[in-house]
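Comments concern the structure below.
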Amino acid sequence: MSQRSICVFCGARSGKDPSYEATAIELGTLIANKGWRLVYGAGDIGIMGAVANATQTAGGDTFGVIPEHLLKREVGKTDLSRFIVTENMHERKKVMFMNCDAIVVLPGGAGSLDEFFEVMTWRQLGLHDKPILLANINGYWDPLVELLDHVINEGFAEDSLRDFIEVVNDFDGLQTALDGALS
């Protein structure tokens, strides 16, 4: 069986709640301990850096993808197992997506939302069936889940839209969902 890869979309900042970074560290450690590969945005700051550093510390395989214009801003982490520089953000998302078996969305900002909506839209259009796990740490993504429900309730999407994502509320739920998705 080939190595499984987890794509993690997350913030290049740590956020206000220390549990966001703590969850990123737990996830990175889990990825390494399971023998999976981390696929992520190749930054060395914020939650992004925390998940990568934890994966590396635990001896895991890391695959980072960063657009050229973010090398300095996100402090491109060049000591990864594999480090790819793309021309733009769209290529970054495509390379990350094409090299993973499941997607985890940790807390983050506009970039994480962009990544989430793109992979969810691709799933809605039938372009993939990869699991998309929304890590709703301390209710961070509650407003997003409410927005998705509103979109459905207002008739702009089928009820099945919610079936394309799995909302998990803590690290234990995330671990259980990943184990189930990748078994």
How close do F117 and L144 get, counting heavy atoms only, and between which atoms? CZ-CD1, 3.5 Å
Would L161 end up clustered with L147 when hydrophobic side chains under 4.5 Å apart are linked, directly or stepwise? no
With heavy-atom distances below 4.5 Å as the criterion, would you say the side chains of R162 and I165 are in contact? yes
E21 and side-chain contact (heavy atoms from CB on, under 4.5 Å): which single residue from S14, P107, C10 fits? S14
Hydrophobic cluster identity match, I84 and L71, side-chain contacts under 4.5 Å: yes
Can you name the nearest heavy-atom pair linking M48 to A42, along with the distance? SD-N, 4.0 Å
Taking all non-hydrogen atoms of both residues into account, name the closest pair between V168 and G173 and its distance. CG1-O, 3.6 Å
Please evaluate residues D179 and Q175 with respect to the criterion side-chain contact (heavy atoms from CB on, under 4.5 Å), reporting the C-alpha separation (whole Å), side-chain torsions for both, the decisive distance (0.1 Å), and the verdict. CA-CA 6 Å; D179 284 338; Q175 181 175 355; 3.9 Å; yes
Would you kindly confirm whether F9 and F171 end up in one hydrophobic cluster when ILVMFWY residues are joined by side chain heavy atoms under 4.5 Å apart? yes
Gap separating the CD atom of E115 from the SG atom of C7, nearest 0.5 angstrom: 7.0 Å
Side-chain heavy atoms of V39 within contact of V95, under 4.5 Å: no
Tell me if the NE2 atom of H150 is crowded by more than 12 foreign heavy atoms within 6.0 Å. no
Would Y20 end up clustered with I25 when hydrophobic side chains under 4.5 Å apart are linked, directly or stepwise? no
So, for M89 and P67, which heavy atoms are closest and what is the spacing to 0.1 Å? SD-CG, 3.5 Å
Within the 4.5 Å heavy-atom criterion, are W36 and L30 side-chain neighbours or not? yes
Write down the atom of R123, the atom of D129, and the distance for their closest heavy-atom approach. NE-CA, 3.6 Å
Heavy-atom donor-acceptor pair, N136 side chain to D142 backbone, under 3.5 Å: yes
Do L106 and M120 share a hydrophobic cluster, counting only Ile, Leu, Val, Met, Phe, Trp and Tyr and linking them when any side-chain heavy atoms are less than 4.5 Å apart? yes
Are N99 and S5 linked by a side-chain donor-acceptor pair shorter than 3.5 Å? no
If you apply the rule side-chain contact (heavy atoms from CB on, under 4.5 Å), what do you find for T55 with Y40, and how did you get there? CA-CA 11 Å; T55 303; Y40 85 114; over 6 Å; no
Nearest heavy-atom contact between I132 and V119 is CD1-O, 3.7 Å
In the structure I gave you, are the side-chain heavy atoms of Q56 and L80 within less than 4.5 Å of one another anywhere? yes
If you apply the rule side-chain contact (heavy atoms from CB on, under 4.5 Å), what do you find for I47 with V8, and how did you get there? CA-CA 10 Å; I47 294 174; V8 178; over 6 Å; no
Distance in Å, N138 CG paired with K16 NZ, rounded so as to fall on 0.5 Å steps: 14.5 Å
Single hit among R37, R4, K34 for salt bridge (Lys or Arg N to Asp or Glu O under 4.0 Å) with D101: R4
Distance flag, aromatic centroids of W122 and F97, threshold under 6.0 Å: yes
Keeping Y140 on the side-chain end and G108 on the backbone end, is there a donor-acceptor pair under 3.5 Å? yes
Reported CG-to-CG distance for the pair L134 and L174, which is rounded to 0.5 angstrom: 10.0 Å
Side-chain contact, heavy-atom cut-off 4.5 Å: V105 with W141? yes
Between CD1 of I6 and CD1 of I31, what distance do you get to the nearest 0.5 Å? 5.5 Å
Looking at E118, is its backbone amide N or carbonyl O close enough to the side chain of K93 to form a donor-acceptor pair, meaning the two atoms are under 3.5 Å apart? no
Just verifying a value: how many Å separate E91 CD and M98 CE, rounded to the nearest 0.5 Å? 13.0 Å
Could you grab the distance from atom OG1 of T62 to atom CG of D79, nearest 0.5 Å is fine? 7.0 Å
Quick one: list whatever passes ring-ring contact (aromatic ring centres under 6.0 Å, His included) with H69, sequence neighbours left out. none
As a quick check of understanding, evaluate side-chain contact (heavy atoms from CB on, under 4.5 Å) for I66 and R92, giving each step before the final call. CA-CA 6 Å; I66 193 166; R92 176 197 219 182; 4.0 Å; yes
With a 4.5 Å limit on heavy-atom distance, are the side chains of F116 and I103 in contact? no
